[in-house]
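Single-structure report; data block below.
Quick caveat: nothing in here was measured; it's all calculated off a predicted structure. In what follows, chains carry the letters A, B, and so on, assigned in the order in which the sequence lines appear, proteins first and then strands, with residues in each chain numbered from 1.
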Amino acid sequence: MPELPEVETSIRGLSQLINTTIIKIEVHTVKLRYPIPKNIYKILKGTTIIDIKRIGKYILIYLKKNLLLVIHLGMSGRLRILKKNIYKKEKHDHFVLINDKDYLIIFNDPRKFGFIDFSAINLILKRDYILKLGIDALDSKLKPSYLFSKISKSVVPIKQILLDQKIIAGIGNIYASEILYDAKISPLVRGKDLTIEDLQLLIGSIRKILKKAINAGGSTLKDYVSTDGTVGNFQYSFKVYNKSGEKIMGHPIKKIIQYGRSTFYCPAIQKK
DNA sequence: CTATCCACCTGGCGGC
DNA sequence: TGCCGCCAGGTGGATA
């Protein structure tokens, strides 16, 4: 579900919990993508939240005692924040963190592709899933020269390259299609066929689309809502995603399958 | 190494 | 209504 804009919306919601202390942890489902370690109660109890950040689609919650808590929302995960007295357990609420102000952080994930991880900061930062990440899609360090060095020999189509978190972290299947439409670049173009100028344009579209989506509170397709329960609106701004058969400026939108995932684009407009 | 496919898991939707 | 197959926002492991 959640791509960079939805994760960003989530951490903005979570930021109200900075300087509160986790006093209780409830685990209802151990078996997520990675099992929740049994020492979660011992490690997290009594820790204070210092800062909340994001790399790509990973939520990073910095805690006192030099600890780092990582949450990934997978395909269908979401976090909500609720006052204790109004919380009613819902299906797929897998774990709950309770703080000293009587607020709950609830992790809900029907498909269980998400996970939680925690340890000393230096150990987390050495995890494979962190080390492998490329430059965050909204990081100013993302430059055409960087992209060019990564893909100028690649025969992989640009749509697939955009999804490769080792190159750029944060873009998922929806925004990849939307970004390529905005840049007027065909999803089928090979990495090696894109010039520095193309990549400059592409990076412009990455920033533009992701920022617009964040400002709209993300996209709500099935069930995504932000931590306070409000829905995102960016799905109403989709130009091509899930719009095969419709026309845009008189030209039909097409759906193709690349690497087992749907891509939507307008061949007449996305020429390069 | 790279490129490709598939499993992981649950639910919603369209077709019959 | 009910059942069935297909599809879904992500990622890492297996395979060639």
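- In DNA chain B, stems built from 3 or more consecutive Watson-Crick or G-U wobble pairs, each with both distances under 3.5 Å, span B:2-8 with C:10-16, B:10-16 with C:2-8.
- Rounded to whole Å, the P atom of B:dC9 lies 15 Å from the corresponding atom of C:dA14.
- Using a 4.0 Å heavy-atom distance criterion, A:Lys166 is classed as making no nucleic acid contact.
- In this structure, the side chain of A:Glu246 does not engage the main chain of A:Ile253 through any donor-acceptor pair within 3.5 Å.
- For the pair A:Arg78 CZ and C:dG9 P, the computed distance is 18 Å after rounding to whole Å.
- Rounded to whole Å, the distance from CD on A:Gln235 to P on C:dA8 is 17 Å.
- Using a 4.0 Å heavy-atom cutoff across all strands shown, A:Gln160 reaches no nucleic acid atom at all.
- If you take atom P in C:dC6 and the same atom in B:dC6, they sit 14 Å apart, rounded to whole Å.
- The aromatic rings of A:Tyr129 and A:Tyr58 sit parallel to each other, their planes meeting at less than 30°, with 60° as the upper class boundary.
- Comparing B:dT10, B:dT4, C:dG12 by their closest approach to the side chain of A:Val156 singles out B:dT4.
- Other residues, nucleotides and ligands place no more than 12 heavy atoms under 6.0 Å from the NZ atom of A:Lys271.
- Phosphate proximity of B:dG11 to A:His92: present, with a side-chain N or O under 4.0 Å from OP1 or OP2.
- Side-chain N/O atoms of A:Ser262 include one lying less than 4.0 angstrom from OP1 or OP2 on C:dA8.
- For A:Gln165 and C:dG10, the shortest distance from a side-chain N or O to OP1 or OP2 is not below 4.0 Å.
- The CG atom of A:Asn242 sits 12 Å away from the P atom of C:dC7 (whole-angstrom rounding).
- Counting heavy atoms of neighbouring residues, nucleotides and ligands inside a 6.0 Å radius, atom NZ of A:Lys247 does not exceed 12 of them.
- Residue contacts shown for A:Phe115 are absent, as no nucleic acid heavy atom lies under 4.0 Å away.
- The side chain of A:Tyr58 lies closest to C:dT11, out of C:dT11, C:dC7, B:dC9.
- When each of C:dG12, C:dA8, B:dG11 is scored by its nearest atom to the side-chain atoms of A:Pro110, the top-ranked nucleotide is B:dG11.
- With B:dC9, C:dG9, C:dT11 as the choices, the nucleotide that has an atom nearest any side-chain atom of A:Tyr241 turns out to be C:dG9.
- Between A:Leu73 atom CG and C:dT11 atom C1' there is a gap of 13 Å when expressed in whole angstrom units.
- One interatomic measurement links the two molecules: CG of A:Leu163 to P of B:dC6, which rounds to 17 Å at whole-angstrom precision.
- Looking at A:Arg261, its side chain has no donor and acceptor atom pair within 3.5 Å of the base of C:dA8.
- A straight line from CD of A:Gln258 to P of B:dC6 spans 16 Å, rounded to a whole angstrom.
- Using a 4.0 Å heavy-atom criterion, one finds that A:Gly260 contacts no nucleic acid atom at all.
- Distances from the side chain of A:Ser154 to the nucleotides B:dC8, B:dA3, C:dT11 place B:dA3 closest.
- In this structure, the nucleotide among C:dG10, B:dG11, B:dC9 sitting nearest to the side chain of A:Lys91 is B:dG11.
- Here A:Leu69 contributes atom CG and A:Ile40 contributes atom CD1; the two are 7.5 Å apart, rounded to the nearest 0.5 Å.
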Exercise. Does the pair A:Asp182 and A:Lys239 meet the rule for a salt bridge (charged side-chain N to carboxylate O under 4.0 Å, His left out), with working shown?
Worked result: CA-CA 9 Å; A:Asp182 189 72; A:Lys239 296 283 198 289; over 6 Å; no
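- In this structure, A:Phe113 forms no aromatic stack with the base of B:dC9, since the conditions of centre separation below 5.5 Å and plane angle below 30° are not both met.
- Here the C1' atom of nucleotide B:dA3 and the NZ atom of A:Lys192 are 14 Å apart, to the nearest Å.
- In summary, A:Arg54 and A:Asp136 engage in a salt bridge, as defined by a charged side-chain N under 4.0 Å from a carboxylate O.
- Using cut-offs of 30° and 60° for the angle between ring planes, the A:Phe115 and A:His72 rings count as parallel.
- Backbone-only engagement by A:Tyr129 is indicated by non-hydrogen atom pairs under 4.0 Å involving sugar-phosphate atoms exclusively.
- A cation-pi arrangement is found for A:Lys53 relative to A:Tyr62, the charged atom lying closer than 6.0 Å to the ring centre and inside a 45° cone about the ring normal.
- For A:Lys112, whose side chain is taken as the heavy atoms from C-beta onward, the closest listed nucleotide among C:dG10, B:dA3, B:dC9 is B:dC9.
- A sub-4.0 Å separation between OP1 or OP2 of B:dC9 and a side-chain N or O of A:Lys31 is present.
- Atom-to-atom, CD1 of A:Ile59 to C1' of C:dG9 comes out at 14 Å; the value is rounded to the nearest Å.
- The side chain of A:His72 approaches C:dT11 more closely than any other nucleotide in the set C:dG12, C:dT11, C:dC7.
- Among the protein residues, A:Tyr259 comes within range of the sugar-phosphate backbone only, with heavy atoms under 4.0 Å from sugar or phosphate atoms but none that close to a base.
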